[in-house]
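FYI, side chains are in, hydrogens and waters are out, and symmetry mates aren't considered; it's all heavy atoms of this structure. Naming convention: chains lettered A, B, ... in sequence-line order (proteins, then strands); numbering from 1 in each chain.
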Number of protein chains: 2
Amino acid sequence: MTPQRELIARTFFRNKGHVSAEDIYKQVQKRAPRIGFATTYRTMKLLSEAGVASLRSFGDGFSRYEPALRTDHHDHLICTQCGHIIEFEDDRIESLQKTVARKHGFRVTDHKLELYGICSHCRNTKK
Amino acid sequence: MTPQRELIARTFFRNKGHVSAEDIYKQVQKRAPRIGFATTYRTMKLLSEAGVASLRSFGDGFSRYEPALRTDHHDHLICTQCGHIIEFEDDRIESLQKTVARKHGFRVTDHKLELYGICSHCRNTKK
DNA sequence: TTTCATGCAAACGGTTTGCAGCTAT
DNA sequence: ATAGCTGCAAACCGTTTGCATGAAA
């Protein structure tokens, strides 16, 4: 554990999740401009290998990380207009997922549910 | 509509969906080696703009296309070991998704549900 | 001729890697 | 001294774009 890694990890955990590597890099740079993105990427890879961060790729080309400590499964509502991301959790959906998987002989290790649409804010301020 | 575009479109629809651009490119090249990937990409973009193909990015870095003609919403079970993809459909999950979205004031335009795990085949032939 | 698609190669953007230098054992 | 991390820059890989050629109307 080096100072660089500690700063990167702290920065990562300070966020609410759904953080892109670039986000972390920029935030880290404000405090330690000499840290390069290579170190950021390498550290995030370490964190995800260690199981404390999990990589989540939304459709937008670059990878996002979120803390893996959380015990709740949660999924995402994504506004395609403003990019805002809302988390939600629904036990009934979860259990239906398990049922479906079992029906196909799958042992599910992870899942990803994303609902894309227009959030209420963007719907009200439509031009 | 040019011969190239026709071949690419035909090749695309010959597949069962979840086809990567590279897949299409390779298949097309067997029949018409002079077609470049630029044309493949451009044609796939056209097809998705025309609404007959829809772009779906799984987490693996490159983009996949599937026919958009289909009326059923379907989701995916993905084996993380052999990469096999199974489609499924579950109306109860669909309706729960709508409920959740409504609760957050979202108007959902699209959704994506992916379950990752180990398929029955890989579970049985585990080494 | 004008238009527009093609094929090639170069560019792009996010991520990874090689490598020389630096730290801390 | 040696092991291993850093920072830089170059490489990488899937995708996009610029441009000269070529076919069609």
Side-chain angles (χ1 to χ4, degrees), chain A residues 1-12 15 17-50 52-66 68 78 83 85 112 114, chain B residues 1-13 15 17-66 68 76 78 80 83 85 112 114:
Chain A
M1 181 57 72
T2 65
Q4 290 93 328
R5 290 185 177 176
E6 187 175 342
L7 176 55
I8 292 169
R10 279 191 194 285
T11 305
F12 165 59
N15 283 273
H18 327 115
V19 213
S20 71
E22 206 190 342
D23 289 337
I24 299 172
Y25 172 59
K26 279 198 215 140
Q27 292 177 31
V28 161
Q29 268 214 328
K30 283 183 201 155
R31 281 227 242 165
R34 302 235 26 199
I35 292 184
F37 42 78
T39 308
T40 309
Y41 278 107
R42 283 192 275 236
T43 304
M44 290 316 297
K45 191 173 207 172
L46 281 180
L47 291 181
S48 53
E49 280 164 5
V52 298
S54 66
L55 183 58
R56 191 127 293 220
S57 355
F58 297 83
D60 60 351
F62 43 137
S63 37
R64 292 191 150 76
Y65 294 91
E66 52 183 36
I78 299 151
I85 299 178
K112 178 153 78 174
E114 288 152 25
Chain B
M1 182 56 73
T2 65
Q4 291 92 329
R5 290 185 176 176
E6 188 175 341
L7 176 55
I8 291 169
R10 278 190 195 286
T11 304
F12 165 59
F13 284 116
N15 284 272
H18 326 117
V19 213
S20 71
E22 205 189 343
D23 289 338
I24 299 172
Y25 173 60
K26 280 199 214 140
Q27 292 178 31
V28 163
Q29 268 214 328
K30 283 184 201 152
R31 282 226 242 166
R34 303 235 25 201
I35 291 185
F37 43 78
T39 307
T40 309
Y41 278 106
R42 282 192 275 237
T43 304
M44 290 315 298
K45 192 173 206 171
L46 280 179
L47 290 180
S48 55
E49 279 165 6
V52 299
S54 66
L55 183 58
R56 192 126 293 221
S57 0
F58 299 83
D60 60 351
F62 42 136
S63 37
R64 292 192 150 78
Y65 294 91
E66 54 183 36
H76 301 109
I78 299 151
T80 53
I85 299 177
K112 180 154 77 174
E114 289 152 24

- Query: Over how many whole Å does the gap from B/F37 atom CZ to D/dC13 atom C1' extend?
  - Reply: 11 Å

- Item | Selection from C/dT15, C/dC8, D/dG14 that lies nearest to any side-chain heavy atom of B/F62 | D/dG14

- Task: Using whole Å, report how far CZ of B/R64 lies from P of D/dG14.
- Result: 12 Å

- Query: Got a second to check how far A/I8's CD1 is from A/T2's OG1, nearest 0.5 Å?
  - Reply: 7.5 Å

- Note on the structure: When rounded to the nearest 0.5 Å, the distance separating CZ of A/F37 from CD1 of A/I24 is 14.5 Å

- Message: Can you measure B/E49 atom CD to C/dA5 atom P for me and round it to whole angstrom units?
- Response: 12 Å

- Query: Side chains of B/Y25 and B/Q29: closer than 4.5 Å at any heavy-atom pair?
  - Reply: yes

- Item | Spatial distance of atom CG (B/L7) from atom CZ (B/R31) [nearest 0.5 Å] | 5.5 Å

- Task: Take atom OH of A/Y25 and atom C1' of D/dT6, then tell me their distance rounded to the nearest Å.
- Result: 13 Å

- Pairs meeting criterion side-chain hydrogen bond (donor to acceptor under 3.5 Å, both in side chains) with involvement of residues 49-65 of chain B, two or more places apart: B/R56-B/D110, B/D60-B/R64

- Item | Side-chain N or O of A/T2 closer than 4.0 Å to phosphate OP1/OP2 of D/dG4 | no

- Query: Atom CD in B/E114, atom CD in A/E114: separation rounded to 0.5 Å?
  - Reply: 6.5 Å

- Positions of residues 39-48 of chain A (non-hydrogen atom under 4.0 Å from DNA chain C), listed by number: A/Y41, A/R42

- Message: Please pick, from C/dA5, D/dT6, C/dT15, the nucleotide with the shortest atom-to-atom distance to any side-chain atom of B/R5.
- Response: C/dA5

- Which part of the nucleic acid does B/S63 contact within heavy-atom distance under 4.0 Å: base, sugar-phosphate only, or nothing? sugar-phosphate

- In whole Å, what is the span from the CD atom of B/E22 to the C1' atom of D/dC12? 14 Å

- Item | Whole angstrom value for the distance that separates C1' of D/dG7 from CD1 of A/I8 | 12 Å

- Nearest 0.5 Å please: distance from the CZ atom of A/R10 over to the CG atom of A/N15. 14.0 Å

- Item | Length of the CG-P vector between B/D60 and D/dC13, whole Å | 15 Å

- Item | For atom CD of B/Q4 and atom P of D/dG22, their distance in whole Å | 14 Å

- Against the side chain of A/R34, the closest entry in D/dG7, C/dA5, C/dC8 is D/dG7

